[in-house]
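Throughout, a chain's letter reflects where its sequence line sits, starting with A, and its residues are numbered from 1.
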Protein chains: 2
Amino acid sequence: MGVVPADRQRAEVTQGPRAGVVATRRRGDTLLEAIFDAVFDQLRTVGYANLTMDRVAAAAGTSKTVLYRRWATKEGMIADALRHRLPSPGDIPLTGDLRADVHALLRCVQASFSATRGTAFQLVSAEAGCGRPAIRQTIIDHVVEPCVELIGEVLRRAAERGEIRPEAASELVAASGPAMLVQYSLIREPVVPDEFVASVVDQIVLPLTTRSASAEHR
Amino acid sequence: MGVVPADRQRAEVTQGPRAGVVATRRRGDTLLEAIFDAVFDQLRTVGYANLTMDRVAAAAGTSKTVLYRRWATKEGMIADALRHRLPSPGDIPLTGDLRADVHALLRCVQASFSATRGTAFQLVSAEAGCGRPAIRQTIIDHVVEPCVELIGEVLRRAAERGEIRPEAASELVAASGPAMLVQYSLIREPVVPDEFVASVVDQIVLPLTTRSASAEHR
DNA sequence: TTCATAAGATACGAATCCGTATCCAATTCG
DNA sequence: CGAATTGGATACGGATTCGTATCTTATGAA
C-alpha cells in the first residue's frame, strides 16, 4: 500500500515580485485540486473501504488538519470531490440529431468514468447502511438520472418529429445506453473506450428506436 | 449499528436418542448457514467497507475463533458465502424458445440479487486495489459472464433457426439484458422486481434481435 | 512592511479491529 | 461410555485510524 506523497506538486515556481522563488505551500483551488487528485488516486489504488483521512492527507502532501478544516467526514470529502469532477449533462448542447445527441449524452456518462479515474460506479454502493448516502446520491443525481432523462427527452422529440416509433420514447430505452456503459465499467474496464460507446449507440439504442421488423416472437 | 446476535437460531430441538433436549451449539452446515446469513446481513446493513470479522461473529452468534478456523481473511469468507448462495446459470434448462430462455437466464441474474440480499453488485468493485480480487471474480465468473455467454448461445441458435437476424447474435445484444438488471439493482432497488425482468425481455432484448439501426439516422 | 489567514507539522488519547493463544465444554460417533 | 472433534468464550498485544489540540510559519493583500 504505497502512499506516494505528491512532493513534486508542491514546489511551484511563483510569478510576480518574488518571481523565481520556489513556493512551499499551496492555497485555495490549487490545494483543493491536489486533495481531489489524491482522493481519486486513493479510490483507484486502495478502494473506498481502505480510503482514510490519514492516507488522503499523505497522498496530497498535506496534513489532516487541512482536511478536517473543510470536511467533517470522509464521505463529505469524497462527495465534494465528485461534485467537482463529474461532468454536467445539462451542459451538453443538443442538436436535434438523434444519433448525435444520444452519442453526446453517452459520452457524458463515459466522461464520468474517466473524470473520476474509473471510480464513479465503484462508489454507488459504497455507503450501504448509511442513513444519508451523500456519495451515492451525488453520482445518481448528478450524472445517471439527468442523462437518462435527457436521452428520454431526445427520444420524445424524435418521436414527435416522426423519426422513431412513439413507444421507443420510454424510460427503459433511454436507460439502455447508460446501462451498457455502467456494466462495462463495472465488469470489464473502469474507463469505457470510445469505440464501445459508439457501438452501444449504433447497436443498442438506435435499433430500439426503429420499427419492428416482425411480431413472430409472440 | 445494532448487531443482533442470532440467539434464537441456536436453540434447536434435537431428534434422536436425546430427543427434546435443546441443543445450545450449532455444527457443520447449520453453523455455516448462520455465518453466511450474518455475512449478507452485515453487507446489507453496514456495507463491505465496515464489515469486520468481529461484527460477523457477533451477528452470527459465534466467536471469531470459529471464523478464523475456516477463513484467513474477510474476503475469503465473503467469497465462500457468495459461492454458496449464488445461482448457477449452467443449471438453467434451455428449451429452444427464445423468449423463455432469455427470460429464464435473466431471472437467474435477478436471483443473484435476491440470494445475496441485494449485495452482489455492491461487491463487484469492493476490492479495488486488491491484487487478487476473489470476491469480484466470484461474482463475474459465477453469474455475469456465464449468463451473458448463455444468452449469446441462445441467440446464436435462434439465428441458426432463422428466427432472428444473424447480426443480433452478438455479445452486445447478449449483454443488454444483464446490463439493465445490473443498473436497476445499483441505481434503483437492490432486488429487481419480476415485472422489470419481463419488460427488459420484451422491450429491450427481443426487439434487439429483430431490428437494426436504419439508415435514416445517419 | 505589517498583519490576518490559512497551510503544514506534530502530538495525543480513545476506540476499534485484527490475529493469536488458551481453555472449557458441547456434540457426535464408534 | 469414552474419545475426538469442533463450537464458543475470553484475553491479549500490536497496529491503525480518528478527531482534536497546539504551534509555527508561509502567503497574500492592504
Can you give me the N/O atom pairs linking the protein to nucleotides 20-22 of chain D at distances under 3.5 Å, or say none if there are none?
residue	atom	partner	partner atom	Å
dA21(D)	N6	Thr65(A)	OG1	3.3

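Residue pairs meeting the ring-ring contact (aromatic ring centres under 6.0 Å, His included) criterion with at least one partner in residues 174-199 of chain B, sequence neighbours excluded, are Tyr184(B)-Phe196(B).
Here the side chain of Arg70(B) is nearest to one of dG8(C), dG7(D), dC17(C), namely dG7(D). Here the nucleotide nearest the side chain of Met53(B), chosen from dT27(D), dG8(C), dC18(C), is dC18(C). Comparing atom distances between the Arg55(A) side chain and each of dA9(D), dT17(D), dA7(C) picks out dT17(D) as nearest.
Across the protein-nucleic acid pair, Leu32(B) atom CG and dT6(D) atom C1' stand 12 Å apart, rounded to whole Å. Rounded to a whole Å, the CG atom of Asn50(A) is 9 Å from the P atom of dT17(D). In this structure, Trp71(A) places its CH2 atom 14 Å from C1' of dA6(C), rounding to the nearest Å. If you measure from atom CG of Asp29(A) to atom P of dA6(C), you get 14 Å, rounded to the nearest angstrom. Computed from coordinates, the Arg26(B) CZ to dT5(D) C1' distance equals 17 Å when rounded to whole Å. Taking atom CZ of residue Arg25(B) and atom P of nucleotide dA25(C), one finds them 9 Å apart after rounding to whole Å. Between the CZ atom of Arg27(A) and the C1' atom of dA29(D) there is a distance of 10 Å, rounded to whole Å.
With the 3.5 Å cutoff on both pairing distances, Watson-Crick and G-U pairs in DNA chain D assemble into runs of at least 3 at C:1-30 with D:1-30.
When all heavy atoms are compared, the tightest approach of Pro193(A) to Gln110(A) is C-NE2, 3.6 Å. Of all heavy-atom pairs between Ile92(B) and Cys108(B), the closest is CD1-CB, 4.0 Å.
For Asp54(B) and Leu31(A), each mapped to the nucleotide of DNA chain C holding its nearest heavy atom, the one lying further toward the 5' end belongs to Leu31(A).
Listed by chain and number, the residues in a side chain to side chain contact (heavy atoms under 4.5 Å, CB included) with Ala158(B) are Leu98(B), Arg161(B), Glu163(B), Ile164(B) (sequence neighbours excluded). A search for side chain to side chain contact (heavy atoms under 4.5 Å, CB included) contacts involving Val66(B) returns Leu31(B), Ile35(B), Thr62(B), Ser63(B), Arg69(B), Arg70(B), not counting sequence neighbours. Under the rule for a side chain to side chain contact (heavy atoms under 4.5 Å, CB included), the partners of Thr95(B) that lie at least two apart in sequence or sit in another chain are Asp97(B), Ala100(B), Asp101(B).
The phosphate of dA26(C) (OP1 or OP2) has no side-chain N or O of Thr24(B) nearer than 4.0 angstrom.
At distances below 3.5 Å, at least one donor-acceptor pair connects side-chain atoms of Lys74(A) with backbone N or O atoms of Tyr48(A).
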Evaluation steps, side-chain hydrogen bond (donor to acceptor under 3.5 Å, both in side chains), between His142(A) and Gln137(A)
CA-CA 8 Å; His142(A) 211 108; Gln137(A) 284 309 131; over 6 Å; no

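Within a 6.0 Å radius of CZ in Arg83(A), more than 12 heavy atoms belonging to other residues, nucleotides or ligands are found.
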